[in-house]
Structures are given as structure tokens and as C-alpha cells.
Amino acid sequence: MNIASVIVDVPAKQTDKTFDYKIPDHLLDVIKPGTRVIVPFGPRKIQGFVTELKDQSSFSKLRSIVEPLDLTPVLNEELLQLGEWLTEHTLSYKISSYQVMLPAALKAKYEKKIMLAKGTVVSELPGNLAESFKEKSELKWDDAVAKGLVQQLQKEAAAGRIDVVYQVKDRVRKKRLKHVYPAIVPEELKEARNKLSSQASGQQAVIDFFLEHPEPVEQRLLLSTLGISQASITSLAKKEIVKVEELEVYRDPYAERKFERKTALELTAEQENAIIPILSSIEKELHEVFLLYGVTGSGKTEIYLQSIQEVLRKGKEAIVLVPEISLTPQMVTRFKERFGDLVAVMHSGLSAGEKYDEWRKIQRKEVKVVVGARSAIFAPFENLGIIIIDEEHETSYKQEENPRYHARDVAIQRAKTYACPVVLGSATPSLESFARAQKGRYTLLSLPKRMNNQALPAVEIVDMREELRTGNRSMFSVKLFEKIKDRIERKEQTVLFLNKRGHSSFVMCRDCGYVMNCPHCDITLTYHRYNEQMKCHYCGYEDRVPTICPECNSEHIRYFGTGTQKVEEELLKLIPEARIIRMDVDTTGRKGSHEKLLTAFQEGQADILLGTQMIAKGLDFPNITLVGVLSADTMLNLPDFRSSEKTFQLLTQVSGRAGRHKLPGEVVIQTYTPEHYSVELAGTQDYDRFYQQEMLMRKVHQYPPFYYLSLVTVSHEELMKVVSVTEKIAKFITSRLSKDAVVLGPVASPIPRINDRYRYQCLIKYKKEPELSTALKTILDQYQQEMGSGGLQISVDLNPYILM
DNA sequence: AGCACGCCGACT
DNA sequence: GTCGGCGTGCTC
């Protein structure tokens, strides 16, 4: 077994296969499947993953592995297989699949540089080159290019005076801090203490300390607790009484926080009924998918916690997915309170190093539970006992870059391997999941009542067209405004929700109707107030805000669209004494600011919490008795077959923030389309009727869950090219599918141009097409290289969530 | 993805 | 005649 099959870090069609390498003798026992290695590849050196060891290769002249990057494999057998599964099901490259399963810190960086060849002295080089090598023995290739030295360097390289070196940089940096620990046994320590001069009080203190706690201690900590200086330790180290060493520490994002340990709460009869089947599945080690459908505030989390408790008792591990976890610090707290140090947390708010450290805790089996966003589904546990996906309907569980996987599918795949249950929890399940539960593919568990038997909040829908007709041109209806004032008087709290998406502020000329568009993308520019700039959200193009219309020179430029900032201003004008906390991308950009704002609100430092999407979830504060949705229909008008579903879910979620505890809650939903069933039924919080109604629509329009979808998007700089290629693709696919399949397109994408590239797409609706996957692969094969560098890009998304 | 190899146009 | 454009094909 001295040959390794390696998947190399080159995401391209032609390299999407294993390459064989010889394992040098001295590495024979280090290199195993799942190890990252550095291998020579053509003239360069790159990173790769060993997938398999073997004795023979069909290749005769094998090159050798340069070195391993890991001492223990980063991918175990299960994850290697999962990677293959992922590749197959997302039509992406193997290397991308492996990389997505690991923390970003493990992805290699490459550096190309020039070094003085052995035996060459600087003076042999021509003057200007010698200059560059005088101080350092190496020169970064990019710098050389910038200085225009490439030609010269090539000559010198040919003459053998310099070498071009390719370096793989592991960006993993383990954090190390100086630690001090005794170098001798306690008896000797006592002896040493007696020998110290009586003035050496610092050294005495250190020895006394170690007599009580002989384990290594961080130097900085030791100095400050004993109130001594570095000198004492240095002299002790000199006498070899203590040792100072850099020891690895974990970056712990929750280090500053204290979590009070809490025990299980008593379950209600309903919760009890719901948890029994889950516990039984854990007990029998049977794979089963549960859909835990419980209204907001019905106590789903406690069911998760107690199921995990049982899994831990059996010596197994648990994965809990929550949507973008930094958004729900309350959730993390509950897990940490219950399971303490056994919990690792993974979310996008962590730095690469912190993520890597959390990942390593899992790999080293130091934790048993991971709570995290989408990518936590790949946590390298080896004895999984349960996977929980909270807010199952959330679209953020679908990754929108390659590999375009859905965490739910990965969860089920992994749970099958470990014969363990998956619990999907939601107050507003996705239609797909609920339909599966109806069909019996998932087991439905319902929690129809709130835990404390608190009624669901009373919801009032306000027709904003009516408000306009009566002359109210503000963004607050009379009703909502009165209620807000009322809450402030009663010292209760209000949550105001503004869905900005699809309605971002743009600038329009009131005389000629000119709207500023991005010159590279067919999309309107968004007005950013903080730097007075117009910005394109797709390519990053920025421009100044015009003072006169570029079309007609009119000065009547108007800002459209309502942002949270504007709402805040208007609110303060109307109720100057209101204390408002605003939460949006601008105010929560900094790390930890999200949590800070929420804590401030919880402590009653504000009357009103005003925010976007991010406040729709997980807020659970007793004093919130009013929720206002300023405009319910902004997302209803998006060109997306899920827009009704999303609207219903969002409105229901937001409404659920009110009256979760003793005080009853009220909700006011402002809308321009009160008659739409998703608004109306969110008002009565009637998921079942919404489900019926929406299923009807989906059936009529042939959308999921009745049909599967696949989306092919083609982009190129030339419109003609895009259209003709997409046409060919559509024809090809149609020819390979049965008559039941529907191929829509080619049509221009909802955003027809991004970054000067035209985009066309073709949507495939089907029920069962075993040939589809092969057909799509053929397309990718053909076009990805035919026009490879020429700029034709083709992306395939199986089960897309965003049809843009 | 990089990079080398190789085959055609505009220059000393 | 040579420098350099980027089209083509390979990397164990």
C-alpha cells in the first residue's frame, strides 16, 4: 500500500478525478485516506486529499507525495463517502465537496515566489535584480510582476541562477500562549523553595502556587494573580525549577460568558406525546425523519434538548442546525446551559480561527453536541445519535454556491448511515416537508398549543390603501400608531418589523421617471445613506448620488423605498420620547453587536425594537406585547413561486414574537393586499388552510412539491452566444427526457445581466427522470471545456431555492 | 486553475 | 528572421 489516490485542489472538469502518487517510505504510516497532502502537479505544488491507498497504479511514472498536512486524517471514511454522495447529487467537483465539509482554515493558500538558487551569490545577478535580493533571499512572484521583472527573471531561471518555487501555505494557525509549569516533582519543589534567598518573594510565591496547582498555567495569568514580574519566572526557569512553553489554546468565542447550568424542564402532555416516538427511534437505533410541527412558543426547543440528553446518555453525539445562529444567541445559551462544555458552536459570526478551533473540539471528541448554521451538518462526529434542524423551512439551509446542497438532504443521508433520527422542527413547515409528512414519508409530530396555554396573539390586518384614502400618508396606520403609543405608556415593548428586501431604496427622477441602473448589471442601484453613494448589490459598482437627473437635468430627484433608518426618523418625529433600538445590517455589522442590542432590549433599555428579517426569529422576551409589520407584501411581489409561502412564514414567525409569556400579545400587519390568502391566513395563523390553498396553486402551476425543479443558468458577455447556447441546451435536455417533463426556456434570468455578463436560463420541471442527471452532466462536460476560458459559464442547480 | 507548448501576425 | 499573441492540452 505505498500508492495514494489523490483528489487535487484544482476545481475543473479535467482534473475532477484521482491522481496517483507514490508514498515515500518514511510517510507510509502517516498517510491514510482522508489526509491532506501536498503533491507535485505539473510544475507546481498543490494541496490534495488522499481518498484511497493501493498497491498498484495504471500509471507507470508516479511522482511522490511531498508531505502530509495532517497527522490525523481530516476526513474519516464516512465523510469521504459523503463527499462522493455530495458530488453526485449536486453535480459539482469532488474537491469542492471535500472542501465544503471542512472549516475554511483548512483550505490551502498558494504562493509563487522566486528564490536565489543554491550556490548563487547576489552579485552574479544583474543590478536591478540584485537590488531585490539584497535584503531578502526571496521575492514574491506578484511583486516581481508588478515591478516588471518577469522577463529578466525568466532568463535568470533558465541560466539556473534563481529558482521559481511554488509553496502551499496551510493557513491553520493554532493559537499558542506561553504557559508555565513545574519542571520537578513537589518534594524537589519544596527543597528548591528552602534554598531560595529570603528576598526572592516572587519566586517563593510561584513555587507555593505550583505546590497547590502543579498543572501548566498561562504565564500572563500567573503574573497577574501573584502580582509578580516576569523576572521571577525567568530566574526559576534558569534554575530549571519551572519550564516555560508555548502551549496550544482554543479561541473560545464564549469565554467571557458564564452559563448557569440548568436541568430539564417538565414536559407538558403534548410535548411528552411528541418526544416519545423520537426517544423510541433513538432507543431502537432506527433511522426515521420526524417533522415536529409546533406553533410558535409551543416548546420545541425543550424537546430537542431532552432528545439530545438521551442521545448523550447512550454515549452518542448530536448535531443541531439553526438558521444563521448568531441571530439567535438565546438558542446558544439554552444549549450551553444544559450541556455546558460539551457544546461546540459554529456560525458565520466566528473568525476562521475560531471556527477551526470549534471544529477541532469535535474532531478530538471533546464535545458531543454541535449547534451551528448550515455547514455544521458536516461536523466530523463518528457516532451520531440525532440530527435536529430547527426552523426547517428556512431557505438558508440551501447553499447557493457550489456544491449547491441542502442541509436537510445531507442530514438525512448522514442519519441513514448512523441509523439515527432526524428531527425537522418548524411552526410553518416548508410545503415539501409537510407534504412528505402527509404522505407518511416523515413522521408528523404536532404541538398545536403554546406551552403556557397562552393564546396566540390577536392579529389585525390593516389595509394601507384605506389609510391613503383617508389622507394618512405616513408609514404608520392610525391603529398601529395608537397601539405603539399605548405600549410606551404601559411600559411594554414593541417590535416593528420592516421587510426591506425587494424594496430597497432607489433614486428616481420625479420629472422623467429616470431610475439609476448599474451600468454592468440590469438592476437598479441602491441608495446607501451612510456614505451617500449608490451601490450595486451584485457587482459592487458605486456611484455618487446625482443631484440633477442625468436624463432631463431636472433637480427633482426623489428617494424611494423605506429603510429602517427612515422609519426610525419618522417615528422619532411623531413620538420624540420613544427609545428605539434599530437592528439591520448597518447596526449589527460588528461582531457581537447583535447580541449587545438584543440584551439592551431585553433589559428594557428601549421601548421599540425596529429591524429587518433578522428580528423575525428566536426573540423570546416576556415584555413584548405588540408586533407591527410595516409592509407585509414587499416579498409577495417577487418573481418566485415560493413568495406566498415565504410571506406566510415570515408573518407567522414575526407574529409569534408577541405575548409568549404572561402578557397577551397583539399583532398589526399593514398591507396593500389584505385579500391575498398568505396575508389573510397568516392573520388567523392557520397553517393548515394555508397549506391546502398553496398546495392547490403549486399543483396547478406544476411546482414543488408536485414537481422537482432543476435550473440551468448560462452566462456570457455576448447576448447572442448565451441565447444560442441556452437554446441548444434546452433542446438537448428535452430530447433526453420523457414527455412528462416540462422544459421552460430559454428565457432571460430575472436579473438578465450581472457584471457585464448576460444570463439566460432554462427551468426543468419533472417528476421522475432518471436520465436527467446524466444529461446535465453531459452538458457540463461539453460546454465547460469547449468555452472554458472563453467565458461561457454554465451552472446547474438541482432543486433551486432562488430562481435568479 | 496554471502552465508549457506551439503556431500565426507585426516588428527590430 | 524574432517577439509575442493566446488557442490547445496536460497535470499522476
Side-chain angles (χ1 to χ4, degrees), chain A residues 1-25 27-28 31-69 87 91-100 104 107-115 140-146 148-160 162-169 171 401-403 715-718 721 780-795:
Chain A
M1 299 292 232
N2 63 343
I3 292 171
S5 294
V6 175
I7 294 287
V8 293
D9 182 13
V10 182
K13 196 81 229 162
Q14 293 151 301
T15 49
D16 191 30
K17 56 179 178 128
T18 59
F19 288 79
D20 291 347
Y21 288 89
K22 215 156 57 196
I23 306 174
D25 289 345
L27 293 178
L28 274 173
I31 290 180
K32 304 179 188 101
T35 315
R36 291 177 306 145
V37 289
I38 295 175
V39 291
F41 197 65
R44 1 174 230 159
K45 285 195 187 77
I46 57 173
Q47 194 198 62
F49 289 89
V50 176
T51 56
E52 182 184 17
L53 300 184
K54 50 190 188 182
D55 288 315
Q56 283 186 329
S57 170
S58 50
F59 253 81
S60 51
K61 42 180 176 51
L62 296 187
R63 298 172 78 180
S64 284
I65 288 177
V66 178
E67 60 170 311
L69 284 165
T87 302
L91 302 183
S92 54
Y93 302 124
K94 293 185 184 70
I95 189 67
S96 315
S97 295
Y98 290 139
Q99 264 159 190
V100 81
K107 201 178 163 202
K109 265 184 172 169
Y110 299 99
E111 202 173 66
K112 184 179 178 182
K113 41 188 198 182
I114 302 120
M115 302 188 57
K140 282 193 187 130
W141 180 262
D142 291 343
D143 293 345
V145 173
L149 298 174
V150 176
Q151 272 199 4
Q152 258 185 314
L153 287 169
Q154 272 168 348
K155 262 188 206 154
E156 294 303 314
I162 57 167
D163 288 327
V164 179
V165 179
Y166 297 85
Q167 221 175 33
V168 181
K169 273 195 170 171
R171 42 178 135 180
E401 299 111 55
N402 272 324
S715 78
H716 188 83
E717 285 181 10
E718 288 161 49
K721 185 81 202 166
L780 287 174
D781 274 359
Q782 274 185 8
Y783 290 97
Q784 264 176 1
Q785 39 199 1
E786 181 189 305
M787 298 293 284
S789 53
L792 193 77
Q793 275 172 20
I794 299 181
S795 90

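Values below: all heavy atoms of this structure, side chains included; hydrogens, waters and symmetry mates excluded. First the proteins, then the strands, lettered A, B, ... as listed; each starts at 1.
The side chain of Tyr93(A) places no N or O atom within less than 4.0 Å of a non-bridging phosphate oxygen (OP1 or OP2) of dA1(B). Phosphate contact (OP1/OP2 of dA1(B), side-chain N/O of Lys13(A), threshold under 4.0 Å): absent.
The interatomic distance linking Tyr110(A) (OH) with dA1(B) (P) rounds to 13 Å, in whole Å. Distance, Ile38(A) CD1 to dC12(C) C1': 17 Å, rounded to whole Å. Taking atom CG on Asn2(A) and atom P on dC12(C), their separation rounds to 17 Å, with Å as the unit. One atom, NZ of Lys109(A), and another, C1' of dA1(B), lie 18 Å apart when rounded to the nearest Å. In this structure, Lys45(A) places its NZ atom 16 Å from P of dG2(B), rounding to the nearest Å. Between Asp142(A) atom CG and dG2(B) atom C1' there is a gap of 13 Å when expressed in whole angstrom units. Regarding Lys112(A), its NZ atom lies at a distance of 4 Å from the P atom of dC3(B), rounded to whole Å. Spacing between atom NZ of Lys17(A) and atom P of dA1(B) amounts to 16 Å, rounded to whole angstrom units.
Looking at residues two or more places apart in sequence or on another chain, you find a side chain to side chain contact (heavy atoms under 4.5 Å, CB included) between Pro40(A) and Tyr21(A), Arg63(A), Val66(A).
Nucleic acid contact for Tyr21(A): sugar-phosphate only, since backbone atoms but no base atoms lie under 4.0 Å from a heavy atom of the residue. Using a 4.0 Å heavy-atom distance criterion, Tyr166(A) is classed as a sugar-phosphate-only contact. Here Arg44(A) lies in heavy-atom contact (under 4.0 Å) with a base. Among the heavy atoms of the strands, none lies under 4.0 Å from Lys22(A).
The side chain of Pro43(A) has dC3(B) as its nearest neighbour among dC3(B), dC12(C), dA1(B). In this structure, the nucleotide among dT11(C), dC3(B), dA1(B) sitting nearest to the side chain of Val10(A) is dA1(B). In the set dT11(C), dC12(C), dC3(B), the nucleotide with an atom closest to the side chain of Gln14(A) is dT11(C).
Under a cutoff of 6.0 Å and an axis angle of 45°, Lys112(A) and Tyr110(A) do not form a cation-pi pair.
Under the salt bridge (Lys or Arg N to Asp or Glu O under 4.0 Å) criterion, the residue pairs touching residues 49-58 of chain A are Asp20(A)-Lys54(A), with sequence neighbours excluded.
The shortest distance between side-chain heavy atoms of Ile162(A) and Leu153(A) falls below 4.5 Å.
The backbone N or O of Val10(A) lies less than 3.5 Å from a partner atom in the side chain of Thr15(A), making a donor-acceptor pair.
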